[in-house]
Amino acid sequence: MQFSEIRQPFTIAIFTDGSCHSQSRAGGWAAIILIGENKIILNGSNPDTTHQRMELTAVLESLSYLQQHDLGHQHVVVYSDSQYVVNMVARKERLVSSEYRTKKLKLVRNSDLVRDLIRFIESTDITFKKIKSHQRVHSAESSANREVDLLSRQKMREQHHR
(Lines give C-alpha, C1' and ligand atoms only; values in the text may rest on other atoms or scores of the structure.)
Protein backbone atom coordinates (compact mmCIF):
# COMPACT_ATOMS: atom_id res chain seq x y z
CA MET A 1 0.00 0.00 0.00
CA GLN A 2 1.43 3.40 -0.99
CA PHE A 3 0.99 6.22 1.55
CA SER A 4 3.50 8.67 0.07
CA GLU A 5 0.76 10.96 -1.24
CA ILE A 6 -0.64 11.33 2.31
CA ARG A 7 2.66 11.80 4.09
CA GLN A 8 3.90 15.34 4.27
CA PRO A 9 6.85 16.67 6.25
CA PHE A 10 5.92 17.64 9.81
CA THR A 11 2.41 16.24 9.42
CA ILE A 12 1.06 13.14 11.12
CA ALA A 13 -1.81 11.35 9.40
CA ILE A 14 -4.22 9.30 11.50
CA PHE A 15 -6.94 7.03 10.11
CA THR A 16 -9.54 5.94 12.66
CA ASP A 17 -12.62 3.76 12.79
CA GLY A 18 -14.93 2.19 15.34
CA SER A 19 -17.40 -0.68 15.15
CA CYS A 20 -20.11 -1.99 17.42
CA HIS A 21 -22.29 -5.10 17.29
CA SER A 22 -25.85 -3.82 17.57
CA GLN A 23 -27.24 -6.68 19.68
CA SER A 24 -24.37 -7.58 22.00
CA ARG A 25 -22.95 -4.02 22.23
CA ALA A 26 -19.44 -5.46 21.80
CA GLY A 27 -17.25 -2.84 20.21
CA GLY A 28 -13.88 -2.45 18.57
CA TRP A 29 -11.77 0.48 17.46
CA ALA A 30 -8.62 0.87 15.41
CA ALA A 31 -6.24 3.57 14.25
CA ILE A 32 -3.39 3.76 11.79
CA ILE A 33 -0.89 6.51 12.55
CA LEU A 34 1.51 7.54 9.78
CA ILE A 35 4.59 9.40 10.97
CA GLY A 36 7.16 9.84 8.23
CA GLU A 37 7.88 6.34 6.98
CA ASN A 38 6.55 4.73 10.16
CA LYS A 39 3.15 3.09 10.37
CA ILE A 40 1.76 2.48 13.86
CA ILE A 41 -1.38 0.42 14.39
CA LEU A 42 -3.43 0.82 17.56
CA ASN A 43 -6.61 -1.09 18.37
CA GLY A 44 -8.78 -2.25 21.21
CA SER A 45 -12.23 -3.38 22.22
CA ASN A 46 -14.97 -2.84 24.77
CA PRO A 47 -17.62 -5.36 25.89
CA ASP A 48 -20.44 -2.83 26.43
CA THR A 49 -20.37 0.23 24.21
CA THR A 50 -21.83 2.10 21.25
CA HIS A 51 -20.63 2.82 17.74
CA GLN A 52 -20.05 6.52 18.49
CA ARG A 53 -18.01 5.71 21.62
CA MET A 54 -15.77 3.45 19.55
CA GLU A 55 -15.33 6.15 16.89
CA LEU A 56 -14.34 8.67 19.56
CA THR A 57 -12.10 6.17 21.36
CA ALA A 58 -10.11 5.51 18.19
CA VAL A 59 -9.33 9.22 17.82
CA LEU A 60 -8.61 9.73 21.52
CA GLU A 61 -6.29 6.73 21.76
CA SER A 62 -4.37 8.00 18.72
CA LEU A 63 -3.98 11.50 20.11
CA SER A 64 -2.99 10.10 23.51
CA TYR A 65 -0.33 8.00 21.79
CA LEU A 66 1.09 11.12 20.14
CA GLN A 67 1.10 12.98 23.43
CA GLN A 68 2.81 10.09 25.25
CA HIS A 69 5.53 10.03 22.58
CA ASP A 70 6.02 13.82 22.61
CA LEU A 71 4.56 14.23 19.12
CA GLY A 72 1.54 16.34 20.04
CA HIS A 73 3.21 19.55 18.84
CA GLN A 74 3.17 18.48 15.18
CA HIS A 75 0.32 19.10 12.75
CA VAL A 76 -2.11 16.18 12.83
CA VAL A 77 -4.67 15.26 10.17
CA VAL A 78 -7.35 12.85 11.39
CA TYR A 79 -9.20 10.98 8.65
CA SER A 80 -12.53 9.54 9.75
CA ASP A 81 -15.65 8.24 8.05
CA SER A 82 -17.64 9.37 11.11
CA GLN A 83 -19.62 12.57 10.59
CA TYR A 84 -20.07 12.62 14.38
CA VAL A 85 -16.31 12.84 14.96
CA VAL A 86 -15.51 15.20 12.10
CA ASN A 87 -18.26 17.66 13.08
CA MET A 88 -17.02 17.88 16.67
CA VAL A 89 -14.85 20.88 15.72
CA ALA A 90 -17.89 22.79 14.43
CA ARG A 91 -19.84 21.94 17.60
CA LYS A 92 -16.97 22.75 19.99
CA GLU A 93 -17.98 26.29 20.98
CA ARG A 94 -21.60 25.36 21.60
CA LEU A 95 -20.66 22.27 23.61
CA VAL A 96 -18.22 24.19 25.81
CA SER A 97 -20.57 27.13 26.38
CA SER A 98 -23.46 24.80 27.29
CA GLU A 99 -21.16 22.82 29.61
CA TYR A 100 -21.80 19.75 27.45
CA ARG A 101 -25.52 19.82 28.05
CA THR A 102 -28.52 19.61 25.75
CA LYS A 103 -31.31 22.18 25.67
CA LYS A 104 -33.09 20.02 28.26
CA LEU A 105 -29.97 20.34 30.46
CA LYS A 106 -29.01 16.67 30.18
CA LEU A 107 -25.38 15.83 29.49
CA VAL A 108 -24.76 15.16 25.81
CA ARG A 109 -24.14 11.54 24.91
CA ASN A 110 -20.55 10.49 25.43
CA SER A 111 -19.83 13.72 27.27
CA ASP A 112 -16.75 12.21 28.92
CA LEU A 113 -15.15 11.38 25.58
CA VAL A 114 -16.39 14.56 23.91
CA ARG A 115 -14.73 16.65 26.65
CA ASP A 116 -11.46 14.78 26.16
CA LEU A 117 -11.58 15.27 22.40
CA ILE A 118 -12.28 18.98 22.76
CA ARG A 119 -9.30 19.30 25.11
CA PHE A 120 -7.13 17.79 22.40
CA ILE A 121 -8.68 20.05 19.74
CA GLU A 122 -7.85 23.09 21.86
CA SER A 123 -4.27 22.03 22.61
CA THR A 124 -3.18 20.35 19.37
CA ASP A 125 -2.91 21.48 15.76
CA ILE A 126 -5.55 19.10 14.37
CA THR A 127 -7.42 19.04 11.10
CA PHE A 128 -10.28 16.58 10.67
CA LYS A 129 -11.08 15.23 7.22
CA LYS A 130 -14.21 13.29 6.37
CA ILE A 131 -13.54 10.29 4.21
CA LYS A 132 -16.20 8.16 2.54
CA SER A 133 -16.39 4.69 4.02
CA HIS A 134 -16.07 1.44 2.10
CA GLN A 135 -14.83 3.06 -1.10
CA ARG A 136 -13.40 0.82 -3.79
CA VAL A 137 -11.42 3.69 -5.30
CA HIS A 138 -7.70 2.95 -5.29
CA SER A 139 -6.19 5.85 -3.39
CA ALA A 140 -3.95 5.84 -0.34
CA GLU A 141 -6.72 7.42 1.75
CA SER A 142 -9.37 4.87 0.79
CA SER A 143 -6.91 1.99 1.27
CA ALA A 144 -6.02 3.18 4.76
CA ASN A 145 -9.72 3.69 5.57
CA ARG A 146 -10.54 0.14 4.43
CA GLU A 147 -7.65 -1.27 6.46
CA VAL A 148 -8.67 0.52 9.66
CA ASP A 149 -12.29 -0.53 9.10
CA LEU A 150 -11.24 -4.19 8.85
CA LEU A 151 -9.12 -3.88 12.00
CA SER A 152 -11.93 -2.32 14.04
CA ARG A 153 -14.45 -4.92 12.88
CA GLN A 154 -11.99 -7.69 13.74
CA LYS A 155 -11.62 -6.33 17.30
CA MET A 156 -15.41 -6.03 17.58
CA ARG A 157 -15.89 -9.66 16.47
CA GLU A 158 -13.23 -10.87 18.91
CA GLN A 159 -15.01 -9.04 21.74
CA HIS A 160 -18.40 -10.36 20.62
CA HIS A 161 -17.21 -13.99 20.72
CA ARG A 162 -15.68 -13.79 24.22
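Throughout, residue positions are numbered sequentially from 1 according to the sequence presented. Worth knowing before you read on, the calculation uses all heavy atoms, side chains too, and leaves out hydrogens, waters and symmetry mates.
- Taking CD1 of I40 as the reference point, atom CD1 of I14 lies at 9.0 Å (rounded to 0.5 Å).
- R101 places none of its side-chain heavy atoms less than 4.5 Å from the side chain of K106.
- By the salt bridge (charged side-chain N to carboxylate O under 4.0 Å, His left out) test, R109 pairs with no residue at all, sequence neighbours left out.
- The ring-ring contact (aromatic ring centres under 6.0 Å, His included) check on H21 picks up H160, with sequence neighbours excluded.
- Listed by chain and number, the residues in a side-chain hydrogen bond (donor to acceptor under 3.5 Å, both in side chains) with R115 amount to none (sequence neighbours excluded).
- Residues N46 and T57 have side chains not in contact (no heavy-atom distance under 4.5 Å, counting atoms from C-beta outward).
- In this view, D112 and R53 satisfy the salt bridge (charged side-chain N to carboxylate O under 4.0 Å, His left out) rule, not counting sequence neighbours.
- A donor-acceptor contact shorter than 3.5 Å is absent between the side chain of K129 and the backbone of Y79.
- Evaluation of the side chain to side chain contact (heavy atoms under 4.5 Å, CB included) rule for S80 yields T16, E55, S82, V85, V86 as partners, not counting sequence neighbours.
- The existence of a salt bridge linking K39 and E147 is confirmed by a sub-4.0 Å separation between a basic side-chain nitrogen and an acidic carboxylate oxygen.
- Under a hydrophobic-cluster definition in which Ile, Leu, Val, Met, Phe, Trp and Tyr are linked whenever side-chain heavy atoms come within less than 4.5 Å, directly or via other members, F128 and V96 are assigned to the same cluster.
- Looking at residues two or more places apart in sequence or on another chain, you find a salt bridge (charged side-chain N to carboxylate O under 4.0 Å, His left out) between R25 and D48.
- When every heavy atom of G27 is checked against every heavy atom of Q159, the shortest pair comes out as O-CB, 4.1 Å.
- Listed by chain and number, the residues in a side-chain hydrogen bond (donor to acceptor under 3.5 Å, both in side chains) with T49 amount to none (sequence neighbours excluded).
- Note on V108: it clusters hydrophobically with V59, by side-chain heavy-atom contacts below 4.5 Å among ILVMFWY residues.
- E99 pairs by the side-chain hydrogen bond (donor to acceptor under 3.5 Å, both in side chains) definition with nothing, not counting sequence neighbours.
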Which side-chain N or O atoms in residues 61-70 pair as donor and acceptor under 3.5 Å with protein atoms at least two apart or in another chain?
from: S62; atom 1: OG; to: A58; atom 2: O; distance (Å): 2.8
from: S64; atom 1: OG; to: L60; atom 2: O; distance (Å): 3.0
from: H69; atom 1: ND1; to: Y65; atom 2: O; distance (Å): 2.8

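- Each of M54 and M156 belongs to its own hydrophobic cluster when Ile, Leu, Val, Met, Phe, Trp and Tyr are linked at side-chain heavy-atom distances under 4.5 angstrom.
- Listed by chain and residue number, nothing satisfies the side-chain hydrogen bond (donor to acceptor under 3.5 Å, both in side chains) test with R94 (two or more places apart in sequence, or in another chain).
- Counting heavy atoms from C-beta outward, V77 and I12 have side chains that stay 4.5 Å or more apart.
- Hydrophobic clustering keeps I32 apart from L150 (ILVMFWY residues linked when any side-chain heavy atoms are closer than 4.5 Å, directly or through intermediates).
- Partners of E122 according to the salt bridge (charged side-chain N to carboxylate O under 4.0 Å, His left out) rule, which considers only residues two or more places apart in sequence or in another chain, are K92.
- Here the shortest heavy-atom pairing between T11 and Q74 reads N-OE1, 4.4 Å.
- L117 contributes atom CG, which lies 10.5 Å from atom CZ of R91 (distance to the nearest 0.5 angstrom).
- Side-chain contact between I35 and L71 is present, with at least one heavy-atom pair separated by less than 4.5 Å.
- Across all their heavy atoms, I131 and F15 have their closest contact at CD1-CE2, 4.4 Å.
- We find the OG1-NE2 distance between T124 and H75 to be 11.5 Å, quoted to the nearest 0.5 Å.
- Residues C20 and H51 share a closest heavy-atom pair of CB-N, 3.5 Å.
- Counting heavy atoms from C-beta on, the side chains of D81 and K132 never come closer than 4.5 Å.
- Under the 3.5 Å distance criterion, with hydrogens and angles disregarded, no donor-acceptor pair is assigned to the side chains of R157 and Q154.
- Cluster membership check: I33 shares its hydrophobic cluster with W29, using side-chain heavy-atom separations under 4.5 Å among Ile, Leu, Val, Met, Phe, Trp and Tyr.
- In terms of heavy atoms, S45 sits closest to K155 at CB-O, 3.8 Å.
- Distance OG1/T102 to CG/L105: 6.5 Å, rounded to 0.5 Å.
- A salt bridge does not link R146 to D149: none of the charged nitrogens lies less than 4.0 Å from a carboxylate oxygen.
- With sequence neighbours left out, S98 forms a side chain to side chain contact (heavy atoms under 4.5 Å, CB included) with no residue at all.
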